[in-house]
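Here the structure is laid out as structure tokens; the discussion comes afterwards.
Proteins get letters first, then strands, A, B, ... in listed order; numbering begins at 1 in each.
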Amino acid sequence: MTSGFTEQETIRRNSLNELIRLGINPYPPDTFEVNVKAAEIKKYYPADNSLYQQTSIAGRIMSRRIMGAASFVELQDESGRIQLYVKRDDICPGEDKTLYNTVFKKLLDIGDIIGITGYVFVTQMGEITIHAKSLTLLCKSLRPLPIVKEKEDAVFDAFTDPEQRYRQRYLDMIVNPEVRDVFIKRSILVNSMRNYLNAKTYLEVETPVLQPLYGGAAARPFKTHHNALDMVLYLRIANELYLKRLIVGGYDGVYEFSKDFRNEGMDRFHNPEFTQMELYVAYKDYEWMMELVEEMVEKIALDLHGTTQVKVGENLVDFKRPWKRFTMFEVIEHFTGINIDGKPEEELAGIAKELNVPIDRTMAKGKIIDQIFGEKCEPFLIQPTFITDYPVEMSPLAKKHRSKDGLVERFEAICNGKELCNSFSELNDPIDQRERFESQLELGKRGDDESMVLDEDFLRALEFGMPPTAGLGIGIDRLTMIMTNSQSIQDVLFFPQMRPEKRITG
RNA sequence: GAUUAGCUAGCUCAGCCGGUAGAGCAUCGCCCUUUUAAGGCGGGGGUCCUGGGUUCGAAUCCCAGGCUGAUCACCA
């Protein structure tokens, strides 16, 4: 009673000691030779029941139905579940029935990891089952698992509390196997993207996470301190400025899967750390990059689903090329009926008010336009759509438009009402770039705490000359959410950020 | 940060107008050699999120705090 253990934990610890007393190591060091996974048996056995007559399989006990001298066990491995038939006189062929009567029936529990050998058969109820010939304990579990039961399609006592699911993701994965599928899909997605980029012979690189100046995006950073250097460092909000230095250095195509950190609010679309893939390709422009994005994302959808059509909430999103394209002004006119082209700041502020779009004094022209777009257009763009040609004020790293005054060569792809990627013809004019940084400083003075800081070394790099370059940033978490029909970013991150738990019992 | 909902057994939840805490699964004991939400009989298990307050008496009412979800604001 003074142990602090619950009743069930105490019983399991007592069982553990009893196993040791019987000479059974509850955490054996030996390898256990696994020659088949549950899903494979279920897939191939029905067609050929001469298969799997000498199986060796390992996994976690998920349920037991004990009927005296014979029992059924649900075993779960990486691939899924399969039923075991454990008969006393088969796993204990001699006089000594301890392994069945005591070890299996009394000392093993749901959650323990076992290995068995045996042969596959089909029960009278028609269930593919492994008839166990031997049973080995591979790991004793000391805490009771949440018990989820199913009958046909109904689920009973589902483990659904989001707090527990995210804090104890391992439990979530054990009892909600579809969670593992999401992360398998995420891995396929990342591989698909990487394979696509490697096939184009772009170089995967790594650049600093700890940066003395944060840049490449409009966001508030995390700040930290390096003791030996006694200096402030920031966790990167983007890797853009470093990747462009690599283009200056002579690589023609570089990309990085980049963990970025932004010190801002959290909700179902935002985690303080998130993953972006950034790509920079020399001698290309944003028009070219749009085609790359279409081709790459279409391929990812095909690699994941075998089709370009993906169910996202109530919608069926189709990534088949070509995607629709609108300019920023066109799409705003489409949704509001107002052509804002060429309108000065004061007039834009009036239009925003008319449209009930909230704005404040710190917002300059570019930000007001972005705000109108964000309120009146973006949420309604469900099918993948390119929005092009953004105001220069909100794109300090993008090249001025070749023919449209006051705009830059930039696009975003919007899908399911959210930004999927951001891209531009990169600004490589060092004099223009310096002016842009300076006007960002002005915005900062005006109160915009996300305005960019001036990076002298980046300017110095540009002054040596960067070839015309197309750049892209694509949110991996967001893309995974869409591709797996997940409602929350927490569902596509193994360990979403949480406040500390007050205490962990035991 | 604001609003709002929730927090009771290992899990999922009930608990009315304040009166000493309940169910199913899990667990423990017994029975059961093709079951499948296995079944039958019997038992044990609680910091009712935390701290205050009101009251003879609080899981329940009041106040403060914690954590989580949802919505909003900032952002990808």
Pairwise 5' ranking along RNA chain B for A/R268 and A/F274, keeping only the more 5' one: A/R268

Can you tell me which nucleotide in B/U33, B/C67, B/A76 comes closest to the side chain of A/Y85? B/U33

Report yes if a side-chain nitrogen or oxygen of A/R499 is closer than 4.0 Å to either non-bridging phosphate oxygen (OP1 or OP2) of B/C67; otherwise report no. yes

Looking only at N and O atoms, is any donor in the side chain of A/E7 or the base of B/U27 less than 3.5 Å from an acceptor on the other one? no

Stacking between B/A38 and A/F72, yes or no? Criterion: centroid separation under 5.5 angstrom, plane angle under 30 degrees. no

With the stacking rule set at 5.5 Å and 30°, tell me whether A/F156 counts as stacking on B/A37. yes

So, are A/K367 and A/E345 salt-bridged, with charged N and O less than 4.0 Å apart? no

Taking the same atom, C1', in B/U20 and in B/C56, what whole-Å distance lies between them? 14 Å

Output yes when at least one side-chain N/O atom of A/Q164 is less than 4.0 Å from OP1 or OP2 of B/C67, else no. no

Gap in Å between the two P atoms, one belonging to B/G65 and one to B/G1, rounded: 12 Å

Step by step, work out the salt bridge (Lys or Arg N to Asp or Glu O under 4.0 Å) result for A/E273 and A/K259. CA-CA 6 Å; A/E273 57 182 287; A/K259 262 291 179 72; 3.0 Å; yes

Please determine if a side-chain N or O atom of A/K97 lies less than 4.0 Å away from the OP1 or OP2 oxygen of B/U33. no

Answer with yes or no whether A/D161 presents, from its side chain, a donor or acceptor under 3.5 Å of a partner atom in the base of B/G69. no

State the pairing partner of B/G44; accept Watson-Crick or G-U wobble contacts with both distances under 3.5 Å, and report none otherwise. none

For the C1' atoms, the ones on B/A21 and on B/C13, what distance do you get once it is rounded to whole angstrom? 14 Å

Partner nucleotide, any strand, of B/A64 [Watson-Crick/G-U, under 3.5 Å]: B/U50

Is there a donor N/O on one and an acceptor N/O on the other, under 3.5 Å, for the side chain of A/D109 and the base of B/C28? no

Quote, to the nearest angstrom, the C1' distance that separates B/G42 from B/G6. 36 Å

Counting heavy atoms from C-beta on, name the nucleotide in B/U35, B/U68, B/G45 closest to the side chain of A/M498. B/U68

Whole Å only: how far is the CD atom of A/Q8 from the P atom of B/C11? 10 Å

Quick check: closest heavy atoms across A/V73 and A/F104, and the distance to 0.1 Å? CG2-CZ, 3.5 Å

Would A/F326 and A/F386 count as a close aromatic pair, with their ring centres under 6.0 Å? no

Rounded interatomic separation in angstrom, taking CG from A/N101 and C1' from B/U33: 12 Å

Nearest-Å distance, NZ (A/K149) to P (B/A37)? 9 Å

Hey, is A/D77 close enough to A/R60 for a salt bridge, meaning N to O under 4.0 Å? no

Can you tell me how far P in B/G10 sits from the matching atom in B/C17, rounded to whole Å? 28 Å

Using heavy atoms to find the nearest nucleotide of RNA chain B for A/M266 and A/I110 separately, return the residue whose nucleotide is more 5′. A/I110

Quick one: is A/R65 getting a side-chain N or O under 4.0 Å of the B/A38 phosphate, OP1 or OP2? yes

